[in-house]
Each structure stands twice: as structure tokens, then as C-alpha cells.
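A short worksheet on the structure shown next.
For clarity, every value in this text was computed on a predicted model and none was experimentally measured. In what follows, chains carry the letters A, B, and so on, assigned in the order in which the sequence lines appear, proteins first and then strands, with residues in each chain numbered from 1.
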Amino acid sequence: GPKVLQIPSHQIIDMGQMVTLNCDPVSNHLYFYWYKQILGQQMEFLVNFYNGKVMEKSKLFKDQFSVERPDGSYFTLKIQPTALEDSAVYFCASSLGRISNERLFFGHGTKLSVL
Amino acid sequence: QQKVQQSPESLSVPEGGMASLNCTSSDRNFQYFWWYRQHSGEGPKALMSIFSDGDKKEGRFTAHLNKASLHVSLHIRDSQPSDSALYFCAVSESPGGNYKPTFGKGTSLVVHP
């Protein structure tokens, strides 16, 4: 089936450094999302993105976070600078549209460890 | 308050048994439900959706929605060890709003041989 690829699978960085998480969404999908999961528990919505713009961001989407998708390239989540509480697994997802019966397709996640 | 409540937090059933998971939305604007399943080390994968009152069956999985109480259940018949995973309920608003499914805290299911 359709796949979302996330690179890298694991990233270890020192607090204060910048990190970029990369996502290759399903090819014909138009809507992109980032979710954060801590300790294998609840999936928390961070942000969604369409047509080059942020649609909505949650309170977890701090000022240090940014997203973009330059034409034909990865959908990225950048954190600059990182903090200890940013340690989590970040999941990218995509959907064809944005109506309520759309399923999200998730990648395998990037585990971010901030030391 | 959590918009989506799931119960139980964890569940253990024998192979071949029935697993029953519950989910309730606390916001009447959020009444479109999806069930996702996440195996260890992977991302969540959509199992099935339910938007209308009543039952919806897909193979061994049956979802039941009561819109009046905004309660949905998922029943897994003839549970297999491969069904062991974290199950999420996700809810979203009526069509037309900004689509950002809200996930519950999940139910951890273990199917033991």
C-alpha cells in the first residue's frame, strides 16, 4: 500500500542544536501532518500543512518549530534550538484530502533523543 | 479535559477470544471516528472508520457507534497474537473544518497463546 518514508529513523543530538526531520509523503497526497508521541503513548497533533502553508498548529508547536515543503522535496520539521523536552518520536502523516473520512497514512517515525 | 477518552488502558485476551475496546468523544463537534493500530516500532495504521449509528463489520473487526452518547466500540473476534498492539481511537470534526484528527491515549492489547 501507500507508504510514507521518514528519515532518519533515529537522531541523537545535543540540547541547543538544530535538527531537521524529513518526510516523504505518499506521492499524490495533498495534506501533511506532524504528530508527537512520548513513551509510546498518546499521539499529539503538532501541525498540518497544505498548499505550502501551515493550516493549524497546536500549543505543542513551539516558536522553535517550523515546517516547510520546498517543491518536490521532503516535508520537513525543523527544531531550532532543541530542548530536552523535545525528546520523543515524531510521526509524519499524509492524506489525500481533508474531509473527515480520510485516513491518515503514517511513517514509521523518527525517534529524537536530545541530550 | 481530554477530548477523546479510551478504555481500558490495557487488555489481555487469550488467542481466539474476543477483545472489546471503548472510545468516547467529549465534544459533540467531534463525531467522526477512526480506529488505528500501532505495532511496536511502527507508525499507526488505519483499521476502519465509522460515521453512522450502528455496526460496521470488516473481517474480524466490528465497530459500533452510538452518536447520541458519542461512544464507539471496537470488537475483535477470534483474536490472534498478531493483533497485539496499541489501538487508538481518533476523532475529527464534521466535514468542512480543518482536518486534524485528535487521538486518544490508546488501549494496549496483548493476545496471549
Side-chain angles (χ1 to χ4, degrees), chain A residues 1-6 9-10 21 23-26 29-51 53-61 67 88-111, chain B residues 1-7 9-10 23 25 27-52 56 58 63 65 67 72 84-110:
Chain A
K3 290 191 185 299
V4 174
L5 299 178
Q6 288 190 243
S9 57
H10 194 182
L21 310 183
C23 171
D24 188 10
V26 177
H29 283 188
L30 302 176
Y31 289 85
F32 314 123
Y33 313 78
W34 284 103
Y35 281 81
K36 179 180 181 181
Q37 187 177 44
I38 297 177
L39 297 176
Q41 306 218 348
Q42 186 167 5
M43 299 283 289
E44 302 270 15
F45 169 80
L46 285 177
V47 64
N48 57 359
F49 190 87
Y50 166 70
N51 198 25
K53 297 175 186 174
V54 169
M55 299 292 289
E56 185 168 339
K57 47 190 179 182
S58 73
K59 293 177 184 176
L60 294 179
F61 195 83
V67 292
V89 180
Y90 290 84
F91 288 95
C92 173
S94 68
S95 65
L96 182 60
R98 66 173 181 138
I99 55 178
S100 294
N101 64 350
E102 292 280 353
R103 67 180 61 200
L104 298 187
F105 290 83
F106 284 88
H108 276 39
T110 294
K111 183 177 181 180
Chain B
Q1 183 192 2
Q2 283 286 326
K3 191 165 289 188
V4 186
Q5 303 283 349
Q6 286 189 246
S7 64
E9 286 187 14
S10 62
C23 172
S25 170
D27 188 332
R28 192 147 292 279
N29 292 317
F30 288 76
Q31 51 179 276
Y32 289 76
F33 293 86
W34 273 93
W35 284 100
Y36 285 80
R37 178 165 78 177
Q38 183 182 26
H39 285 108
S40 181
E42 298 182 2
K45 183 176 181 180
L47 280 176
M48 61 190 299
S49 62
I50 186 164
F51 305 131
S52 303
K56 182 178 181 181
E58 292 189 4
L65 172 60
K67 273 202 166 184
V72 64
S84 297
L86 187 58
Y87 287 77
F88 289 108
C89 172
V91 297
S92 57
E93 293 179 274
S94 305
N98 182 29
Y99 185 48
K100 48 174 177 60
T102 299
F103 284 71
K105 290 189 174 182
T107 292
S108 178
L109 173 64
V110 174

**Request:** Using atom types as modelled and distance alone, determine if a side-chain donor or acceptor of B/K3 lies under 3.5 Å from a backbone N or O of B/S25.
**Result:** no
Closer than 3.5 angstrom, by distance alone: can the side chain of B/Y99 be matched with the main-chain N or O of A/E102 as a donor-acceptor pair? yes
Crowding at NZ, B/K105 (>12 non-hydrogen neighbours, <6.0 Å): no
(request) Could you check A/L96 against A/Y31 for side-chain contact (heavy atoms from CB on, under 4.5 Å), going step by step and ending with a plain yes or no? (result) CA-CA 6 Å; A/L96 182 60; A/Y31 289 85; over 6 Å; no
Carboxylate-amine/guanidinium contact A/E56 B/K100, below 4.0 Å:
yes
Heaviest contributor of heavy-atom pairs below 4.5 Å to chain A, chosen from B/A90, B/S108, B/G104, is B/G104
Whatever's closer than 4.5 Å to a heavy atom in chain A on B/Y36 counts as side chain
Assert top hit (heavy-atom pairs under 4.5 Å, partner chain B, pool A/E44, A/Q37, A/Q41) equals A/Q37
Honestly, the part of A/Y35 sitting under 4.5 Å from a heavy atom of chain B is side chain
Under 4.5 Å to a heavy atom of chain B? For A/Q6 that would be neither
The interface call for B/K45 against chain A, heavy-atom contacts under 4.5 Å, is neither
When the 4.5 angstrom heavy-atom criterion is applied to B/Q38 and chain A, the contacting part is side chain
B/E58 side chain to B/A63 backbone, donor-acceptor under 3.5 Å:
no
